[in-house]
Protein chains: 2
Amino acid sequence: MVSPQAAAPYAQVKHFLKEQLARGRWSPGERMPSEAQLVGRFRVSRMTVNRALRELRDEGLVERVQGVGTFAAQPGRVASTLTIRDLHAEIASRGHRHHAEVHVARREVAPPALAAKLALEAGAPVFHTVIVHHENGVPLQCEDRYVSPVCAPDYLGVDFTRTTPTHYLLEVAPIWQANYTIEAAAASAEEARLLAIERGDPCLVVVRRTANRERPITIARLVHPGSRYAIEGAFAP
Amino acid sequence: MVSPQAAAPYAQVKHFLKEQLARGRWSPGERMPSEAQLVGRFRVSRMTVNRALRELRDEGLVERVQGVGTFAAQPGRVASTLTIRDLHAEIASRGHRHHAEVHVARREVAPPALAAKLALEAGAPVFHTVIVHHENGVPLQCEDRYVSPVCAPDYLGVDFTRTTPTHYLLEVAPIWQANYTIEAAAASAEEARLLAIERGDPCLVVVRRTANRERPITIARLVHPGSRYAIEGAFAP
DNA sequence: CAGTGGTCTAGACCACTGA
DNA sequence: CAGTGGTCTAGACCACTGA
């Protein structure tokens, strides 16, 4: 009998393997235990073990070859797609906990360059939030965002520990178009502090600007520790 | 009885729902059929339907709430504009000079993990090139590439100072599908040397794997100095 | 309370691989 | 051939939700 609070068996198997992989129990390319062996060790059914391994494969942690076996892949990356996707949903879909720390949430006066990008007049008010998103308690993204009060007048009234800016904005101001840049940059002292990494550590930086049919809505600078985040995607005809 | 070629039942259910979602059968937030209803309609077991829905949730296409139901998610899903561009053409289009330095171009024996990724047998030969691309004399990209001899048997005969691997491969082995990851990483000593940057400097790393209809063609790891390269894109409805 | 999704089980058949 | 992963089934128990 399993006590109610206990993690699901498939999650336990997955966690165990993840842990061992992180510790280097198997070098990349090395054969890992077969499903049958894990069934024996954990006293669970093969479907349960299979789900754990399938999810590890989907996360890029293991490789599986039918008729051959399961092998350790290069160590841990998390995945995303090049879409405007709510980070909360993304983390939840991995079965992980998300929580957000709000560091800044206020009205500011838009300096000229920013005002121009948001199609506001210089000196007009603009909303500014700085929020750090955590996955299972580990900082994953520092979201530095400016929002046009014209498109989302009630933005600052949102409880960002419960609703992400992306989620809220997608609801109140549907996106018509967006552009983005993706680059690698060294963490600033401030970013390093917020993300619990070292200054100068490589970060994946996405700058995204969205607009509706008439005007810009928001500009966000999303900084991710390079070691904890990767963008994944695919295309087919 | 299911004919051997048929897609797996879970994939059929998933495909059906994806199709309907794409057609706007359910608006965002609208309730979709329950697992029980889909079991009845497709004559499959609930585990099968559950897997289809779970994967749709993981892809961000639906939201599921225990005790309540399954709902169509906000769209948010836009085709990636990340294209496979020939770097030579990209540099030329900026009116700049491109030249390539070939550091490695040889046949090697594929270690197991690589062989699996390229659908080769372990120990089979594989082509390996390491080429540094310069824009106006400045190193812009270090291209570390493995190529399946099955798809491009004459690969090593190409003069890579005159033709880029991407250009050549697009000609001899048209791409049917591709996937990629984008991440930030610190330059290794070797990469730093090739790119004329400091070890540890942030780099934008794209790993791209392409395949034709039958089999993988090539895996490339493209390392760019963070200070010199960014990916840009836009999407609109 | 009925309906929902989350998960597990113990078996099954299959395709594939390498010895 | 034995071993592997891919998938399915038909049931089960559970937590959760909203009427």
Side-chain angles (χ1 to χ4, degrees), chain A residues 1-15 17 26 30-58 61-73 89 92-97, chain B residues 1-15 17 26 29-58 61-73 110 112-113 115-116 118-124 214-215:
Chain A
M1 199 67 76
V2 177
S3 92
Q5 270 88 330
Y10 89 87
Q12 289 182 34
V13 175
K14 189 176 165 186
H15 178 261
L17 292 170
W26 305 284
E30 192 179 342
R31 161 177 250 110
M32 292 171 55
S34 70
E35 295 192 349
Q37 290 171 327
L38 292 167
V39 163
R41 159 133 44 154
F42 285 89
R43 311 295 200 117
V44 294
S45 77
R46 188 159 82 91
M47 278 298 275
T48 299
V49 162
N50 179 268
R51 176 167 175 190
L53 286 167
R54 180 152 38 82
E55 295 193 357
L56 289 174
R57 186 203 55 193
D58 292 347
L61 291 175
V62 308
E63 288 171 18
R64 316 197 71 196
V65 185
Q66 192 175 21
V68 185
T70 301
F71 304 88
S93 79
R94 290 198 280 266
H96 291 171
R97 275 180 301 108
Chain B
M1 198 68 75
V2 176
S3 91
Q5 269 91 329
Y10 89 88
Q12 289 182 33
V13 175
K14 189 177 164 184
H15 178 261
L17 292 170
W26 305 283
E30 193 179 341
R31 162 177 248 110
M32 292 171 55
S34 71
E35 295 192 348
Q37 290 170 328
L38 291 167
V39 162
R41 159 131 46 152
F42 284 90
R43 312 295 201 116
V44 293
S45 77
R46 187 159 83 92
M47 277 298 275
T48 299
V49 161
N50 179 268
R51 176 168 174 187
L53 287 167
R54 180 152 38 83
E55 295 195 357
L56 288 174
R57 185 204 58 192
D58 291 348
L61 292 174
V62 308
E63 287 171 19
R64 316 197 70 195
V65 185
Q66 193 176 22
V68 185
T70 300
F71 305 86
L118 287 175
L120 300 171
E121 293 179 18
E214 285 81 36
R215 47 188 304 129

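Small disclaimer: the values here were computed from a predicted structure and weren't measured. In what follows, every chain begins at residue 1, and chains take the letters A, B, ... in the order their sequences are listed.
Atom NZ of A:Lys14 is separated from atom C1' of C:dG6 by 14 Å (rounded to the nearest Å). Atom-to-atom, CD of B:Gln12 to C1' of D:dT7 comes out at 13 Å; the value is rounded to the nearest Å. Here the C1' atom of nucleotide C:dG6 and the CD atom of B:Glu63 are 17 Å apart, to the nearest Å. Per the geometry, CZ belonging to B:Phe71 stands 11 Å off P belonging to C:dT4, to the nearest Å. Atom pair B:Tyr10:OH and D:dT9:P shows a separation of 13 Å (rounding to whole Å applied).
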Could you go through residues 35-43 of chain B and list every donor-acceptor pair under 3.5 Å that involves a side-chain atom there, pairing it with any protein atom two or more places apart or in another chain?
{"unit_1": "B:Glu35", "atom_1": "OE1", "unit_2": "B:Arg46", "atom_2": "NH1", "d": "2.4"}
{"unit_1": "B:Glu35", "atom_1": "OE2", "unit_2": "B:Asn50", "atom_2": "ND2", "d": "2.8"}
{"unit_1": "B:Glu35", "atom_1": "OE2", "unit_2": "B:Arg64", "atom_2": "NH1", "d": "3.2"}
{"unit_1": "B:Glu35", "atom_1": "OE2", "unit_2": "B:Arg64", "atom_2": "NH2", "d": "2.8"}
{"unit_1": "B:Gln37", "atom_1": "OE1", "unit_2": "B:Ser34", "atom_2": "N", "d": "2.8"}

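Of the candidate nucleotides C:dT4, C:dT7, D:dT7, C:dT4 has the atom lying nearest to any side-chain atom of B:Ser34. With D:dC8, D:dG6, C:dG6 as the choices, the nucleotide that has an atom nearest any side-chain atom of B:Asn50 turns out to be C:dG6. Relative to the side chain of B:Arg54, the nucleotides C:dT7, D:dC8, C:dC8 differ in distance, and C:dT7 lies closest. Of the candidate nucleotides C:dC8, C:dG6, D:dC8, C:dG6 has the atom lying nearest to any side-chain atom of B:Arg57.
Within the 4.0 Å cut-off from OP1 or OP2 of D:dT4, not a single side-chain nitrogen or oxygen of A:Thr70 is found. Put simply, A:Arg51 has a side-chain N or O that comes within less than 4.0 Å of OP1 or OP2 on C:dT7.
For B:Met47, the side-chain contact (heavy atoms from CB on, under 4.5 Å) criterion is met by A:Met47, B:Ser45, not counting sequence neighbours. Applying the side-chain contact (heavy atoms from CB on, under 4.5 Å) test to B:Glu121 and every residue at least two apart in sequence or in another chain returns nothing.
Taking each heavy atom of B:Arg51 and B:Tyr10 in turn, the nearest pair found is NH2-OH, 3.3 Å.
Summary for the helix from C:dC1-D:dG18 to C:dG18-D:dC1: the axes at its two ends, each from 5 pairs, differ by 0° when rounded to the nearest 10 degrees.
Scanning residues 35-48 of chain A for heavy-atom distances under 4.0 Å to DNA chain C yields A:Arg43, A:Val44, A:Ser45, A:Arg46, A:Met47, A:Thr48.
For the atom pair CG (B:Asp58) and CG (A:Asp58), the distance works out to 7.5 Å, reported to the nearest 0.5 Å.
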Distances for protein N/O vs nucleotides 17-19 of chain C N/O pairs under 3.5 angstrom?
none

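Proximity of B:Lys14 to B:Leu53: side-chain heavy atoms (C-beta onward) are nowhere separated by under 4.5 Å. You'll find the side chain of A:Trp26 stays beyond 4.5 Å of the side chain of A:Thr70, heavy atoms only.
One N or O on the side chain of A:Gln12 and one on the backbone of A:Ala7 form a donor-acceptor pair closer than 3.5 Å. Remark: the backbone N or O of A:Val68 is paired with a side-chain donor or acceptor of A:Arg31 at under 3.5 angstrom.
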